[in-house]
Amino acid sequence: MNKYEKFPLHLHNSLTKQKEKFEAINPPHLGLYVCGPTVYSDVHLGNCRTFVSFDFMFRYLMHLGYNVRYVRNITDVGHLLDDGEDRMAKKAKVEKLEPMEVAQKYANGFHKMMDILNTLPPSIEPQASGHIPEQIEMVQAILDNGYAYEKNGSVYFDTVKFAKETDQYGKLSGRVIDDLLSETRELKNQDEKNNPADFAIWMKADERHIMRWNSPWSEGFPGWHLECSAMSTKYLGKTFDIHGGGADLKFPHHENEIAQNHSACGSHPANYWVHTNMLLMNGKKMSKSDGNTITPQQLFSGESEHISKGYDPMTVRFFFLQAHYSSTLDLSDDALLAAEKGFKKLMNALPLAEKLVAVSENSNYDLTLSNQIIEKCDQCYIEMSNDFNTAKTLAVLFELAGKLNEIDNGQIKIQQLSTESIERLKSTFTSFVKDVLGLKPEEKGNDKMDEVMDILLNLRKDARANKNWALSDQIRDQLAAAGIVIKDGKEGSTYTF
RNA sequence: GGUCGCGUGGCCGAGUGGCUAGGCAGAGGUCUGCAAAACCUUGUACGGCGGUUCGAAUCCGCCCGCGACCUCCA
């Protein structure tokens, strides 16, 4: 039996606003599309939380036995500012770079950060600028189907017509179409639209625009929402399993995406929509525009007024995992401090699990205890299959960590456990911590460092044996000043940074 | 203003109509030359007011407070 059959996934579908049993279209294959970043500046922490969230979903789906195709795009064209200027183009002017240099620069930074946070690369990472023909085709299809109109070389999606004829618009975001029709805000390029709720799917480039492509309508560029429709259709098909993104993309981005797919393909793009919630700081959404932000680099280095010290990237990942992806999470120094200690505690149990060896054929084991451990192992699956409840999964892993510690300190004798319970404990704990949740121990020193430390630790050991406390404390204190902490255990001393 | 969500112990943060979340901090203990680290044990809770119910922190209503979206957002 497949793991996904034994522990069927249930997830909250933003489209129906209900938790539903997940049914893949073509199991074990599974298509997952996630809206990626617009690469016009450095990634910020909110982005990081979102992509860490989809990373553990990707990891768990694979762990369950699905063959996942995870597509996450890079947006490098079409994302406009309030004044109508393209984000990429503006940055290119400011930094005196080619737009593609800007895209490459920040895409590189994004990938590096994803790597630091131990997220797996997606199966396909398409760029909007590399899929202009596909987007032009989609604009044409929407025009052919009568849900768009051309004005002066630009093409606009006819939201009003679509809403009236299909009863599909506004479903995801809970938007009331009448409210949208009465929108009165002053916005750029409004004059060409028949209605404020309409949106551009192709825009004619004015002379200041440097990013431009030929199309049947004008030399111009595609609208922001179009790339996801075109690329998800290309790589995952007209209807695929799961579409994800940050909650702030629900409207207008995802709503418009759905409208485009319906209009071009006549079908709903994804069966399940998953939205991750916002990262807050001081109770408010972390946002660059109002300065309520801290960069990942500042978080790691500690160079910020918001925190007292730097935090390891894995501590940050652990911090994200402690909350449910669909809840807002408030970043604070106290919370990070607590996460750091909790993460270390969990990681201390990892080698204990890895070194577990089942004793052969012991028939006098403690049945109750053994079953208790097996149940907790199953519980990890139950919790993750319950809408990816990482917070609860961690809680169960901490309970298992307690068992591992008890085995280690002799409170539980290995003979008390059945072979099955030992094997399950070992495999479940290690695979959930490392493969599913994507946590890894902090980097240790290299071999040379270990050799040097061995010399120092042996010197100190001799000093202690001779009751030369002055010397042993001097070694300990000076190493501490260099950021190396000596830990005296029963079986000798170890060190950490 | 419209739409939606949240309010849990000192802090963070899950969850459920009756059965321990978990982490951090606090308290006690083991270990230790001292300390640190590590490990074990452990108390305190569900914004306010009503209602439904044998029973609600969990469901419903109202109120208070907070936040998100409403064409920049992950």
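B:U41 sits 43 Å from B:U53 when the P atoms are compared, rounded to a whole Å. One C1' atom belongs to B:C11, the other to B:C46, and the distance between them is 16 Å to the nearest Å. Taking atom P on both nucleotides, B:G47 is separated from B:U42 by 26 Å, rounded to a whole Å. Separation of the C1' atoms belonging to B:G9 and B:G22 is 14 Å when rounded to the nearest angstrom. Straight-line distance between the P atoms of B:U8 and B:G13: roughly 9 Å, to the nearest whole Å. If you take atom P in B:A57 and the same atom in B:C4, they sit 26 Å apart, rounded to whole Å. Rounded to a whole angstrom, the distance from the P atom of B:C31 to that of B:C40 is 16 Å. Across B:G17 and B:A56, the matching C1' atoms stand 6 Å from one another, rounded to whole Å.
In this structure, A:Phe51 forms no aromatic stack with the base of B:A74, since the conditions of centre separation below 5.5 Å and plane angle below 30° are not both met.
Geometrically, A:Arg72 engages A:Phe51 in a cation-pi contact defined by less than 6.0 Å to the ring centre and at most 45° from the axis.
In the model, A:Tyr325 has no side-chain atom that pairs as donor or acceptor with a side-chain atom of A:Thr50 under 3.5 Å. Between the side chains of A:Glu340 and A:Thr315, no donor-acceptor pair is found at a separation under 3.5 Å. A donor and an acceptor atom, one from each side chain of A:Asp76 and A:Tyr106, are nowhere located under 3.5 Å apart. For the residue pair A:Glu20/A:Thr16, the side-chain donor-acceptor check at 3.5 Å is satisfied. Checking A:Tyr495 against A:Asp454 by side-chain atom types alone, no donor-acceptor pair falls below 3.5 Å. For the residue pair A:Asn386 and A:Lys19, a side-chain donor N or O sits within less than 3.5 Å of a side-chain acceptor on the partner. In this model, no donor atom of one side chain and acceptor atom of the other lie less than 3.5 Å apart for A:Ser332 and A:Asp330.
A 3.5 Å limit on both hydrogen-bonding distances identifies no Watson-Crick or G-U partner for B:G17. Look at B:A37: it lacks any Watson-Crick or wobble partner with both distances under 3.5 angstrom. In this structure, B:U32 makes no Watson-Crick or G-U wobble pair, since no nucleotide meets both defining distances under 3.5 angstrom. Base pairing analysis places B:C62 opposite B:G48; the two distances defining the Watson-Crick or G-U wobble pair are each below 3.5 Å. Judged by Watson-Crick or G-U wobble contacts below 3.5 Å, the nucleotide B:C11 has B:G23 as its partner. Shown here, B:G43 forms no base pair; nothing in the strands shown gives a Watson-Crick or G-U wobble contact with both key distances under 3.5 Å. Pairing for B:G67 goes to B:C4, judged as Watson-Crick or G-U wobble with the two contacts each under 3.5 Å.
When distances are taken from the side chain of A:His324 to each of B:C70, B:G33, B:G15, the shortest belongs to B:G15. Minimum atom distance to the side chain of A:Ala391 is reached by B:G13, of the listed B:C39, B:C70, B:G13. In this structure, of B:A74, B:G22, B:A14, it is B:A74 that holds the atom nearest to the side chain of A:Leu249. The nucleotide whose nearest atom lies closest to any side-chain atom of A:Ser472 is, among B:G33, B:A21, B:A74, B:G33. The side chain of A:Phe398 sits closest to B:G22 out of B:A74, B:G22, B:G67.
Following rounding to the nearest Å, A:Leu172 (CG) and B:A68 (P) show an atom-to-atom distance of 20 Å. Rounded to whole angstrom, the span from the CG atom of A:Asn256 across to the C1' atom of B:C70 amounts to 13 Å. For the pair A:Asp248 CG and B:G67 P, the computed distance is 17 Å after rounding to whole Å. Following rounding to the nearest Å, A:His254 (NE2) and B:A74 (P) show an atom-to-atom distance of 10 Å. Put simply, CG on A:Leu329 is 12 Å from C1' on B:A14, counting in whole angstrom units. Between the CG atom of A:Leu457 and the P atom of B:A37 there is a distance of 18 Å, rounded to whole Å. Nucleotide B:A38 holds its C1' atom 8 Å from the CG atom of A:Asn405, rounded to whole Å. Following rounding to the nearest Å, A:Phe54 (CZ) and B:A74 (C1') show an atom-to-atom distance of 9 Å.
For B:G13, the base has no donor-acceptor partner in the side chain of A:Ser327 [N/O atoms by modelled type, under 3.5 angstrom]. Below the 3.5 angstrom threshold, one finds no donor paired with an acceptor across the side chain of A:Asn389 and the base of B:G22. A donor and an acceptor atom never sit less than 3.5 Å apart when one is taken from the side chain of A:His275 and the other from the base of B:A74. A donor-acceptor contact under 3.5 Å is not formed by the side chain of A:Arg476 with the base of B:A36.
The minimum heavy-atom distance between A:Glu125 and A:Phe110, with the atom names listed, is OE2-CE2, 3.9 Å.
Within 4.0 Å (heavy atoms only), A:Asp408 reaches no atom of the nucleic acid at all. Heavy atoms of A:Gly174 sit under 4.0 angstrom from primed sugar atoms or phosphate atoms, though from no base atom. The residue A:Asn409 sits close only to the backbone: its heavy atoms come under 4.0 Å of sugar-phosphate atoms, none of a base. Residue contacts for A:Leu279: at a heavy-atom cut-off of 4.0 Å it reaches a base atom on one of the strands shown.
Proximity of residues 335-348 of chain A to RNA chain B (heavy atom under 4.0 angstrom from any strand atom) is restricted to A:Ala335, A:Ala338, A:Lys341, A:Gly342, A:Lys345, A:Asn348.
One distance of note links CD of A:Glu95 with NZ of A:Lys105; it measures 4.0 Å at 0.5 Å rounding.
Taking side-chain N and O atoms only, A:Lys487 has no distance below 4.0 Å to OP1 or OP2 of B:U32. At the phosphate of B:A21, neither OP1 nor OP2 sits under 4.0 Å from any side-chain N or O atom of A:Lys392.
You'll find the ring centres of A:His275 and A:His254 inside the 6.0 Å limit.
Along RNA chain B, the nucleotide closest to A:His44 and the one closest to A:Leu394 are compared, and the more 5′ of them pairs with A:Leu394. Residue A:Phe318 is the one, among A:Gln411 and A:Phe318, whose nearest nucleotide of RNA chain B lies closer to the 5' end (criterion: closest heavy atom).
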